[in-house]
There are 2 protein chains.
Amino acid sequence: MLKRERQAYILRKVNLHNKVLSSALCTEINVSEDTIRRDLQELAEEGKLIKVHGGALSHSFNEINYSTNGIYSQSEKKKIATKTITLLEEGMFVLTSGGTTILEFAKSLPLHLKATFISGSIPAVLEYIQHPNIEVIMIGDRISKNSKITVGSEAIHKINQMKPDLCILGTNAIDIEHGVTDGDWEVVQLKRAMVRASKKVACLAIAEKLNTVQPIQICDINKVDVLITELNPDADILQPFIKAGVQVL
Amino acid sequence: MLKRERQAYILRKVNLHNKVLSSALCTEINVSEDTIRRDLQELAEEGKLIKVHGGALSHSFNEINYSTNGIYSQSEKKKIATKTITLLEEGMFVLTSGGTTILEFAKSLPLHLKATFISGSIPAVLEYIQHPNIEVIMIGDRISKNSKITVGSEAIHKINQMKPDLCILGTNAIDIEHGVTDGDWEVVQLKRAMVRASKKVACLAIAEKLNTVQPIQICDINKVDVLITELNPDADILQPFIKAGVQVL
DNA sequence: AATTATTTTGCAAAAATTTTCAGGTTTGTG
DNA sequence: CACAAACCTGAAAATTTTTGCAAAATAATT
């Protein structure tokens, strides 16, 4: 990894989380703590961040706490993201939807992962292309303005031609009886195609989406291979899903 | 392998992945590291990439992290944007490239305009979808990390199936003799298809891009219907273009 | 086709940069 | 205060770059 690249990565991390720990960075990037320290020091000299004992802070830290940049229940989504990463393998083809949970996932992808990510979500793709080792494929078609995702028959057709190893769905409603459901007809069409095309399907959902139903069905619960929530897998609310044959993380 | 094609290969790789390692390139191309280094140095001198210890980075990668957020000669680009808007008509199908000039244009679209915009540029599309009356179509394919635009045969194929009323090109180099040229092989392929498919072609270029040439040609000057710069159309430098049959705004 | 000129490439030793390591010192915390 | 974690300093180790030069390849000329 190039020095410049590493520093850019650190800077991005600082701006994202408002702080970084030297110890965390050095295991993550796989260099000695000395190197990290020197990087932080150099970045501090350039005024890009503030060096503190044990790590560094972003400049905007003192200002308003805009870290909670509007994302609803961000910490839960971070937890989901971390679990989701365990599903990834080297060289995988991964198809993802959009949404804030997916976005959180996109931001926490491990640095050294080499894989191909396919998505119709503009915000998700914008995150993916920041990653040094991930190849990104955007699915084209008409864009749904409120979800910032490509929808339409062309997009669906394109998805049908693929056979991704894993499909990761941001989920708005999931229920044993009604399966995965959503409220936007066009997005549902797309997600249906995604589920159909993929070898394996993972649904990301914060707990409050469990056992809720939306008007239009994406797929039955038996199409879902993995369900990932912020809860511990032995939580009561998750047991019915496990009984239904879903792997719960 | 000739020097020229080797450098073209390197440049292509930088534009696509945002970085290259000298060590990786030399095993890949099967030349000594010295040769690669010399290539990178030459390309850096020509301003095509940024040489760093151990390899090279794309320009956009560096900008993102060195955060010189101010758009270069923004006021000129605003002026160009304003003129470009006069070309737009109700209900038009407009195909656009990416780039900062296009982005400025995207921001200044009149509120009432109803039209369909097609693009492979992620930043441009992000602007277009802010607009209440514009339908946006994203062209899908692999994403070039440097230019944040979709490139590849799928994208070209998609463009070939369309017949847009107007093609608006952000232009890096335009010259009477050599026409419109650019340095990024992948992007050139895409722009060629855009020009070929469209009924009318408009090139946006700030004055300093006039009478400059880049290595790869997109199209001859006679394919350009309209040239838009920040200058007054009766400026001396523009007269040759008018004589060549280009409408100058 | 052969010769000459020019460019390009590969090599090796030395220089520079970057990373790691080893030690002693400082800092934060209970 | 004690103790662990983080820091600093300087030097070694590893990697990349520079430099000059000769061999090889390419282009131009006879």
Side-chain angles (χ1 to χ4, degrees), chain A residues 1-59 61-62 110-114 131-133, chain B residues 1-59 61-62 64-66 146 183 185 213-216:
Chain A
M1 190 180 205
L2 298 169
K3 183 179 167 180
R4 259 302 221 331
E5 197 186 358
R6 192 182 55 230
Q7 295 194 350
Y9 178 80
I10 293 173
L11 207 50
R12 220 161 70 76
K13 200 117 194 174
V14 173
N15 289 328
L16 198 61
H17 299 113
N18 272 339
K19 70 165 182 182
V20 285
L21 301 176
S22 307
S23 56
L25 282 173
C26 79
T27 57
E28 197 176 344
I29 310 182
N30 217 47
V31 289
S32 79
E33 267 189 77
D34 293 279
T35 304
I36 295 296
R37 235 191 308 280
R38 220 162 344 88
D39 282 338
L40 293 180
Q41 198 173 317
E42 283 174 28
L43 290 169
E45 277 167 16
E46 293 171 43
K48 306 268 178 69
L49 48 73
I50 300 164
K51 179 83 190 73
V52 295
H53 195 98
L57 300 174
S58 105
H59 256 138
F61 184 70
N62 310 7
L111 190 61
H112 293 102
L113 177 73
K114 280 188 186 165
H131 193 289
N133 298 309
Chain B
M1 192 179 211
L2 268 60
K3 185 181 170 184
R4 256 290 172 61
E5 51 182 325
R6 193 181 56 232
Q7 294 197 352
Y9 177 85
I10 293 173
L11 204 52
R12 208 175 144 188
K13 187 143 187 175
V14 174
N15 285 329
L16 217 50
H17 303 309
N18 264 349
K19 73 153 180 181
V20 285
L21 301 176
S22 309
S23 56
L25 281 172
C26 78
T27 58
E28 217 168 295
I29 311 182
N30 218 48
V31 289
S32 80
E33 244 175 292
D34 296 83
T35 306
I36 294 296
R37 236 191 311 279
R38 265 183 289 244
D39 283 339
L40 292 180
Q41 196 173 330
E42 282 174 32
L43 290 168
E45 277 166 14
E46 294 169 37
K48 307 272 178 66
L49 47 73
I50 291 156
K51 178 85 190 72
V52 296
H53 198 100
L57 298 171
S58 86
H59 240 285
F61 181 90
N62 207 56
I64 289 170
N65 306 289
Y66 197 68
N146 180 41
W185 193 84
V213 181
Q214 292 266 311
I216 320 170

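Numbers restart at 1 for each chain; the letters A, B, ... are given by sequence-line order, proteins then strands. Not measured: the values here are computed from a predicted model.
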From the list A/Arg37, A/Lys3, A/Lys48, salt bridge (Lys or Arg N to Asp or Glu O under 4.0 Å) partner of A/Glu42 resolves to A/Lys3
Length of the line joining [X]:[atom1] and [N]:[atom2], which is rounded to integer Å:
X       : N      : atom1 : atom2 : answer
A/Glu42 : D/dC7  : CD    : P     : 15 Å
B/Arg6  : D/dA25 : CZ    : P     : 14 Å
A/Glu33 : D/dA5  : CD    : P     : 10 Å
A/Ile36 : D/dC8  : CD1   : P     : 15 Å

Check your understanding: Contact class for B/Arg4 (heavy atom, under 4.0 Å): base, sugar-phosphate, or nothing?
Key ->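 No contact at all - B/Arg4 keeps every heavy atom at 4.0 Å or more from the nucleic acid.
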Would you sort out whether A/Arg6 and A/Thr35 count as a side-chain contact (heavy atoms from CB on, under 4.5 Å), showing the intermediate values?
CA-CA 10 Å; A/Arg6 192 182 55 230; A/Thr35 304; 3.4 Å; yes
**Item:** Along DNA chain D (nearest heavy atom to each residue), the more 5'-positioned of B/Lys51 and A/Arg37
**Value:**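 Per heavy-atom nearest nucleotide, the more 5' residue is A/Arg37.
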Residue pair B/Arg38/A/Gly55 against DNA chain D: nearer the 5' end by closest nucleotide is A/Gly55
*Is a side-chain donor or acceptor of A/His131 paired with a backbone partner of A/Asn133 at a separation under 3.5 angstrom?*
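Yes, because the side chain of A/His131 sits within donor-acceptor range (under 3.5 Å) of the backbone of A/Asn133.
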With no hydrogens and no angle check, is any side-chain donor or acceptor of B/Asn146 less than 3.5 Å from a backbone partner on B/Phe61? no
Report the residue (A/Val31 or B/Asp39) whose heavy-atom-nearest nucleotide on DNA chain C is the more 5′ of the two.
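It is B/Asp39, whose closest nucleotide lies nearer the 5' terminus.
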* **Non-neighbouring partners of A/Ala24 that pass side-chain contact (heavy atoms from CB on, under 4.5 Å), sequence neighbours left out** =>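 Partners of A/Ala24 under the side-chain contact (heavy atoms from CB on, under 4.5 Å) test: A/Leu21.
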For this session: May I ask you to check whether B/Ser58 and B/Asn15 show a side-chain donor-acceptor distance below 3.5 Å?
Result: no
Nt span of DNA chain C in reach of chain B heavy atoms at under 4.0 Å, 5' end first, is C/dT8 to C/dT18
